[in-house]
Structures are given as C-alpha cells and as structure tokens.
S.K.: 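Take a look at the following structure, please.
Since the structure is predicted, the reported quantities are computational estimates derived from the model, not experimental observations.
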Amino acid sequence: MSNDLFERISTSLIEGEPDSTVELTRQAIEAGLEPLDIVDQGLVPGMEVVGDKFQSGEYFLPHLIIAASGMQQAMELLEPELRSRQQVVEVAGTVVIGTVSGDIHEIGKSLVATMLSANGFQVHDLGVDVSTETFVSKVRETGANLLGLSALLTTTMTVQREIIEALAEAGIRDQLKVIVGGAPISKEWADSIGADGHAEDAVGAVELAKRLVR
Ligand code: B1M
C-alpha cells in the first residue's frame with residue numbers, strides 16, 4: 001500500500017496534477033507513512049522524471065512550474081511532520097542558509113533547512129536568489145557557526161566560490177564552516193572552492209552539519 005501511494009504521488013507530479021499531489025501526500029501522512037519516505041520515495045522521484053523530460057525537450061517550463069507548485073504545497077504539509085519526528089533538546093548550532101544569487105530553486109534548500117531545524121539547529125533561511133552581501137552580513141549579525149549554500153544550476157554554482165571568497169575578505173571565514181549542496185555539486189567542486197563539505201541530500205546535510213560543528 002505504501003509503494004502504491006508513493007508511485008501515485010510521483011505520477012501526479014509527472015502528470016502535472018498538483019491538487020492530487022497534495023491530496024495523496026495528505027493520505028500518506030494519515031496512513032502513518034514516514035514523512036522522509038514520502039519525500040524520498042514519492043516526491044523526489046517524480047520531480048526527477050519531470051526534470052529529465054524537461055532536459056530531453058518533452059516538457060517545457062510550465063510543466064516544471066506546475067510540478068514544483070505541487071511539490072511545494074506537499075512540502076508545506078510535511079514540514080510540521082518532519083519537525084515533530086525529532087526530539088530536540090539543545091541548540092546544535094546556528095545556521096544561515098539560502099540559494100545563491102541568480103538561482104531561484106527553493107525546494108531542496110528548504111528541505112535541508114527544515115531538517116536542520118528539526119535536528120536542533122537554529123536556522124536563518126534567507127530564501128532564494130540571495131546576494132553575496134546578504135549572506136555575509138547575516139553571518140556577521142547572527143554569529144552563525146555554519147553557512148549553507150544551495151545552487152542547482154551549473155551557471156550559479158560558481159557563486160558559491162564568490163561567497164567563500166567574500167567571507168575571507170570580510171575576515172570571518174575562520175569563524176564558521178561552509179557547506180555546499182545542490183544537484184550539480186560534487187565533493188571535487190566543494191574541495192576546489194574551499195568549502196568545508198558537501199552533502200547529496202538533506203539527511204546527509206544534517207549528518208555533515210553535526211560533524212562539523214561538534
Ligand atoms: Co529548474 N533546472 N530551471 N526549475 N529545475 C533544474 C535544476 C535542471 C537540472 C532541469 C533539467 O534540465 N534537467 C536544470 C539545470 C541544468 C544545469 O544547470 N545543469 C534547470 C534549469 C535549466 C532551469 C531554468 C534555467 C529553466 C529556464 O528558465 N529555461 C530555470 C532557472 C531559474 C533560476 O534559478 N534562475 C529553472 C527554473 C525552475 C522552476 C522555477 C520552474 C522550478 C523551481 C521552483 C522552486 O524551487 N520553487 C524548477 C525545478 C522544479 C527544477 C527541477 C525539475 C527539480 C528541482 C527540485 O526541486 N528537486 C530540476 C531537475 C532536477 O533536479 N531533477 C531543475 C527536488 C529537490 C528535493 O531536490 O533541489 O536537488 P534538489 O535538492 C536536494 C539535493 O540537491 C540537496 O538536498 C536536497 C534534498 O535532498 N541539496 C543540498 C540542495 N541544496 C542543498 C544544500 C546543502 C546540502 C544539500 O547544503 C547547504
């Protein structure tokens with residue numbers, strides 16, 4: 001029954017039926033399925049197919065927009081569930097997170113922010129298309145010990161390097177750890193720009209964050 005629901009959630013995203021995505025996500029929550037499984041086995045595989053069809057020219061931008069709206073509404077239902085699964089006792093660290101300048105991909109960054117918050121981090125989520133100056137000034141203002149930079153485009157991943165350089169110029173690079181993520185980001189890239197680590201997904205981001213600020 002869980003497999004069937006996950007598959008129907010994926011299909012609803014692929015077929016551009018955001019209302020069904022939300023309704024099926026609600027049913028999955030009510031059926032007691034793990035919220036992270038709903039994301040990883042239902043929503044993400046559906047979005048991947050939508051992305052592949054876009055890349056191959058079968059789908060166009062409106063298909064991406066409709067699918068993203070379904071996923072975002074489903075994530076709004078899941079966020080409180082994701083948070084309530086964690087037994088948080090103390091603040092693990094302070095994180096500033098956002099999607100870099102020129103990039104408006106929000107869903108993965110928000111999932112990482114939610115999971116960090118659910119695991120005891122105090123999270124300042126700056127949103128998407130965040131300027132380098134805003135990242136630097138928010139790190140100063142909050143005294144954050146972790147900065148999370150998300151980039152989904154090969155054209156915006158270079159901004160991650162610019163932000164790390166700007167932190168160094170501002171004299172605050174040593175005060176915090178920087179983690180980078182997003183579909184095009186690899187360990188090699190993270191190493192080459194002087195990041196402290198990279199994660200493939202939200203669970204990996206939490207593990208990395210905990211390791212780095214311990
Ligand atoms: Co766009 N887009 N998009 N898009 N979009 C991609 C990324 C793309 C791979 C699609 C494709 O061609 N197959 C492609 C990039 C190609 C490239 O650069 N190599 C692409 C393109 C080209 C574009 C536009 C340029 C299209 C156009 O206008 N012609 C345009 C760019 C706009 C801009 O940013 N300036 C664009 C626009 C959009 C929409 C606005 C329509 C929409 C985003 C809506 C929104 O977020 N509100 C959108 C979408 C939905 C996608 C795909 C289909 C799905 C992204 C997503 O939400 N995935 C995507 C294809 C794909 O990825 N398969 C695609 C689900 C999410 C849970 O995963 O975001 O990867 P993800 O996050 C993961 C990990 O990456 C990681 O953990 C997350 C959770 O597991 N992670 C981190 C992410 N951030 C992290 C940070 C960390 C650690 C881990 O530490 C800080």
Side-chain angles (χ1 to χ4, degrees), residues 1-53 64 66-95 97-99 105-125 127-128 146 148-150 152 179-183 185 187 197-214:
M1 132 88 156
S2 62
N3 281 352
D4 177 49
L5 258 182
F6 293 149
E7 206 173 308
R8 286 167 67 202
I9 289 171
S10 289
T11 305
S12 68
L13 281 174
I14 298 162
E15 294 185 349
E17 293 166 353
D19 292 347
S20 299
T21 308
V22 173
E23 181 46 35
L24 290 165
T25 301
R26 194 188 311 279
Q27 284 178 26
I29 294 169
E30 281 166 8
L33 300 180
E34 277 300 317
L36 205 51
D37 289 344
I38 301 173
V39 176
D40 285 343
Q41 296 177 45
L43 293 165
V44 168
M47 283 307 270
E48 277 169 3
V49 173
V50 173
D52 291 347
K53 285 181 182 288
L64 285 194
I66 291 167
S69 128
M71 177 144 184
Q72 260 173 325
Q73 291 177 62
M75 288 304 298
E76 278 165 29
L77 288 182
L78 286 163
E79 270 171 25
E81 303 295 326
L82 287 166
R83 283 184 214 280
S84 70
R85 289 294 193 281
Q86 314 294 326
Q87 301 294 317
V88 176
V89 281
E90 59 185 274
V91 174
T94 301
V95 190
I97 189 168
T99 304
H105 292 89
E106 178 162 32
I107 298 168
K109 177 273 302 165
S110 296
L111 182 56
V112 172
T114 300
M115 291 301 291
L116 286 170
S117 164
N119 281 275
F121 287 85
Q122 189 183 11
V123 178
H124 300 271
D125 184 346
V128 298
L146 201 65
L149 303 173
S150 183
L152 266 284
I179 66 174
V180 291
I185 307 306
K187 180 182 184 316
H198 98 290
E200 301 280 340
D201 59 23
V203 172
V206 171
E207 282 167 10
L208 175 65
K210 284 185 174 164
R211 207 166 59 236
L212 287 173
V213 302
R214 203 170 32 211

S.K.: Is Lys53 close to Ile14 at the side-chain level, that is, under 4.5 Å between some pair of heavy atoms?
M.R.: yes
S.K.: How many angstroms lie between atom CG of Leu208 and atom CG of Leu146, to the nearest 0.5 angstrom?
M.R.: 7.5 Å
S.K.: Is there a side-chain contact between Met115 and Leu36 in this structure, where contact means two heavy atoms from C-beta onward sitting under 4.5 Å apart?
M.R.: yes
S.K.: Determine whether Val22 and Glu76 make a side-chain contact, defined as any pair of heavy atoms from C-beta on separated by less than 4.5 Å.
M.R.: no
S.K.: With a 4.5 Å cut-off on side-chain heavy atoms, are Leu82 and Leu111 touching?
M.R.: yes
S.K.: Going by distance alone, is a donor N or O of one side chain under 3.5 Å from an acceptor N or O of the other, for Thr21 and Ser12?
M.R.: yes
S.K.: Using only heavy-atom distances, determine whether the side chains of Glu7 and Thr11 contain a donor-acceptor pair under 3.5 Å.
M.R.: no
S.K.: Looking at CG of Leu5 and CD of Glu30, how far apart are the two atoms once the value is rounded to the nearest 0.5 Å?
M.R.: 10.5 Å
S.K.: His124 and Val95: side chain to side chain contact (heavy atoms under 4.5 Å, CB included), yes or no, with the steps?
M.R.: CA-CA 6 Å; His124 300 271; Val95 190; over 6 Å; no
S.K.: Once you round to the nearest 0.5 Å, how far does CG of Leu33 lie from CZ of Phe6?
M.R.: 5.0 Å
S.K.: My understanding is that only residues two or more places apart in sequence, or in another chain, count here; which of them pass side chain to side chain contact (heavy atoms under 4.5 Å, CB included) with His105?
M.R.: Asp103, Leu152, Leu153
S.K.: Does some side-chain heavy atom of Gln41 sit less than 4.5 Å from a side-chain heavy atom of Ile9?
M.R.: no
S.K.: Measuring only between side-chain heavy atoms, which start at C-beta, is Ile107 closer than 4.5 Å to Gln72?
M.R.: yes
S.K.: Hey, is the main chain of Glu106 close enough, under 3.5 Å, to the side chain of Ser110 for a donor-acceptor pair?
M.R.: yes
S.K.: Any side-chain heavy atom of Met71 sitting closer than 4.5 Å to one from Val44?
M.R.: yes
